[in-house]
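This structure is a prediction, so every number in the text was calculated from the model and none was measured. Just follow the structure's listing: the first ligand is 1, and inside any ligand the first atom is 1. Hydrogens, waters and symmetry mates are skipped; everything else that's a heavy atom, side chains included, is used.
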Amino acid sequence: MNNILDRQQMHECDMYTINDIGIPSMVLMERAALGVFDEIRARKIDSSNTLIVCGSGNNGGDGLALARMLADEGDKVNVYITGNTSLASGEMGKQYEIIRNYNVKILDTFPESDNYTLIVDAIFGIGLSRNIEGEIFNLIRKLNDKRGFKLSIDVPSGVNSDNGKIMGTTFKAELTVTIGDYKRGCFIYPGAEFCGEIVCKKIGISNKPIEKSKTGHILTIDDLNKIPKRKVRSNKGTYGNVLIIAGSLNMCGAAILAGAAAYASGCGLVRIFTPKDNRIIIQNKLPEAVLTTYDPQYFDDRVLEKEIERADSIVIGPGLGMDVSAGKITEYVLRYATVPIIADADALNIAATNPSLLKKHNCPLIITPHFAEMARLCDTKIYNISNDILETAIKFSKENNLICLLKDANSVIAGSDGSLYVNTSGNNGLSTAGSGDVLAGILGALAVIFDDYSLCAAMGAFIHGLAGDYAVAETGERGLVSSDIVEYVKKVLKDVK
Ligand SMILES: NC(=O)C1=CN([C@@H]2O[C@H](COP(=O)(O)OP(=O)(O)OC[C@H]3O[C@@H](n4cnc5c(N)ncnc54)[C@H](OP(=O)(O)O)[C@@H]3O)[C@@H](O)[C@H]2O)[C@@H](O)CC1
Ligand SMILES: Nc1ncnc2c1ncn2[C@@H]1O[C@H](COP(=O)(O)OP(=O)(O)O)[C@@H](O)[C@H]1O
Ligand SMILES: [K+]
């Protein structure tokens, strides 16, 4: 599990390391630049003709120190400094004094040349405090148009390191070498798209100031070991009874995919509650599932009550539809169930028509909206969601006392207790119909065995994404279908004991 820090947390760690531990900031800067330098060499990036564009803060200082290191080894290095060097911060000012003793050309005007092999963005890091305008705006646009490998130090200039928003414009990096700890905003879209690959260089900055406070996390492959172990002496009851309330007349596939995904993720028994017309097809496609069917015309909640009593977790919504019975079912489940619920798709669309529904729950509740569902829940435009997924997920989770897994290429998982995860597994092969139904099924199985439901949601998103990654390695992105994802979920979990 890796920490992802916001600006304030990173700043506190920097200050603690410098002021309380006593490591001079120039030492940290030297290590930062050395980290970037090592990465350039390790990847054999052609730095024979390098342009480094520096701002007047410490990010610019990192850039100047790097210029020195490359020039020392014989690379041709040009530096262009934006802003007024006489206003430069302490360390940047010192770096400026030092660099003048090296064979590095400090350009007076922005270079028109398009022959640079490497372009380094050291304009802004975590100090970016407002939208980029004017000269720097134009300069970043021109840099993006140049050829040459594009590398950002710490954060691409223009990406808000708190939330991934674009502050007017941004440098588009192929590689971001981030310093000290990962920055939260680099993993959240739209900013994530401008970071390229992200590597973190540890430079001795202490995490002590944030040890006790809440910070965000990204899961890594080792975290699969957090999935509770299976027992030698067990039976199907040990791994739980997942009730899947899904499917409608023309959408029974959603129930099958969610059910199959729950089995692939290790649950003991899947029960599916679905309209009677779906019986034959579900029994054919998923014979392991136990079915209870209902007539949508004459829905009787006593049958549902019995199902809820048996369940260890409930997935509600995939392909459920929006008719009167679906509305009654959703309301009943949210009001009376006490086991963990995963509310997806139409359960969320129904909740959007009656916002008090989500507030009435008496159980751990994970919601898994995509942008359109979230926009309905928040009664706003999709654009407002996709552009601010972090704040949306955090606010909604707190207001409704739930865990919001807001789906995106990097999904954000926010809990009402302040927990926060960003999922980085997965790829565009997962942009396929039914992919969300598979996720809901995985979550249904995990909700039985986890008691930290934010971690459960993050783990489900991680496994789902990994299944997509494993699948695409074999099948490619274009042909992936959701039933394939289920097969690869089994492979992801194969080695987890
Ligand atoms: N602490 C350490 O020792 C270490 C720090 N490290 C490095 O330092 C970086 C952080 O440095 P930093 O705090 O100096 O901020 P930085 O990102 O350089 O920018 C601040 C400057 O930008 C300006 N500015 C902001 N927004 C603007 C805008 N829209 N348009 C125009 N100007 C704007 C702002 O001006 P002001 O707001 O004051 O007017 C100020 O001059 C960090 O990311 C890492 O790379 C590492 O070496 C490890 C050790
Ligand atoms: N480009 C992508 N990269 C990573 N994950 C993706 C990408 N596209 C989709 N996904 C994931 O696939 C799932 C799609 O869910 P959803 O939109 O609800 O699908 P459906 O409604 O068809 O079931 C989400 O978990 C999402 O995070
Ligand atoms: K930068």
For Ile203, is the nearest heavy atom under 4.0 Å from an atom of ligand 1?
-> yes
Does any non-hydrogen side-chain atom of Ile367 lie less than 4.5 Å from one of Asp344?
-> no
All heavy atoms of Ile218 vs all of Val422, minimum pair found to be CG2-O, 2.9 Å
Run the numbers for me: atoms of ligand 1, each under 4.0 Å from some heavy atom of Asn131, listed by number.
-> 29 (N)
Give a yes or no on whether a salt bridge exists between Asp121 and Lys150, defined as a side-chain N under 4.0 angstrom from a carboxylate O.
-> no
When you look at CG of Asp379, are more than 12 heavy atoms from neighbouring residues, nucleotides or ligands closer to it than 6.0 Å?
-> no
Going by heavy atoms in the side chains, are Asn423 and Leu219 under 4.5 Å from each other?
-> no
Distance under 6.0 Å and angle within 45° of the ring axis: does Lys172 meet both against Phe194?
-> yes
Answer yes or no for Asn59: is there an N/O/S atom below the 3.4 Å cut-off from the K ion (ligand 3)?
-> yes
Would you say Arg100 has more than 12 foreign heavy atoms packed within less than 6.0 Å of its CZ?
-> yes
Interfacing atoms of ligand 1 (cut-off 4.0 Å, heavy-atom, Leu28) | 49 (C)
With only distance considered, is Gly127 within less than 3.5 Å of ligand 1 through an N or O on each side?
-> yes
Answer yes or no for Ile153: is there an N/O/S atom below the 3.4 Å cut-off from the K ion (ligand 3)?
-> yes
N/O/S atom of Phe124 inside 3.4 Å of the K ion (ligand 3), strictly under | yes
Measure the distances from the heavy atoms of Ile18 to every atom of ligand 1 and state whether one is below 4.0 angstrom.
-> yes
The protein residues that pass the under-4.0 Å heavy-atom test against ligand 2 are His370, Lys407, Asp408, Ala409, Ser411, Gly426, Asn427, Asn428, Leu430, Ser431, Thr432, Ala433, Gly434, Ser435, Gly436, Asp437, Leu439, His464
Among Asp154, Ile23, Asp62, closest by any non-hydrogen atom to atom 46 (C) of ligand 1 | Asp62
Is the shortest distance from a Lys or Arg side-chain nitrogen in Glu197 or Arg43 to a carboxylate oxygen in the other one below 4.0 Å?
-> yes
For Asp14, counting its heavy atoms only, list the atoms of ligand 1 lying under 4.0 Å from any of them.
-> 1 (N)
Side chain, backbone, both or neither: which part of Ile126 comes within less than 4.0 Å of ligand 1 when only heavy atoms are counted?
-> both
Backbone of Asp162 reached by a side-chain donor or acceptor of Arg7 within 3.5 Å = no
So which of Ala32, Gly60, Ser25, Ser129 gets nearest to atom 26 (N) of ligand 1, if we judge by its closest heavy atom?
-> Ser129
Which atom of Thr392 lies closest to which atom of Asn384, heavy atoms considered | OG1-O, 4.3 Å
Salt-bridge test for Glu391 and Lys165: reply yes if a basic N is under 4.0 Å from a carboxylate O, no otherwise.
-> no
Would Ser56 count as a contact of ligand 1 if the rule is a heavy atom under 4.0 Å away?
-> yes
Does an N or O anywhere in Gly125 fall below 3.5 Å from an N or O of ligand 1?
-> yes
salt_bridge(Arg41, Asp38) N-O dist < 4.0 Å = no
Quick check: does Ala122 put an N/O/S atom under 3.4 Å from the K ion (ligand 3)?
-> no
How many degrees, to 10°, between Asp121 OD2 and Ser157 OG as seen from the K ion (ligand 3)?
-> 60°
With side-chain hydrogen bond (donor to acceptor under 3.5 Å, both in side chains) as the test, would you mind laying out the steps for Ser411 and His464 before giving the verdict?
-> CA-CA 11 Å; Ser411 299; His464 180 259; over 6 Å; no
Could you give me the CA-CA distance, side-chain angles and deciding distance for Lys491 and Asp469, then say whether salt bridge (charged side-chain N to carboxylate O under 4.0 Å, His left out) is met?
-> CA-CA 11 Å; Lys491 293 190 184 175; Asp469 291 340; over 6 Å; no
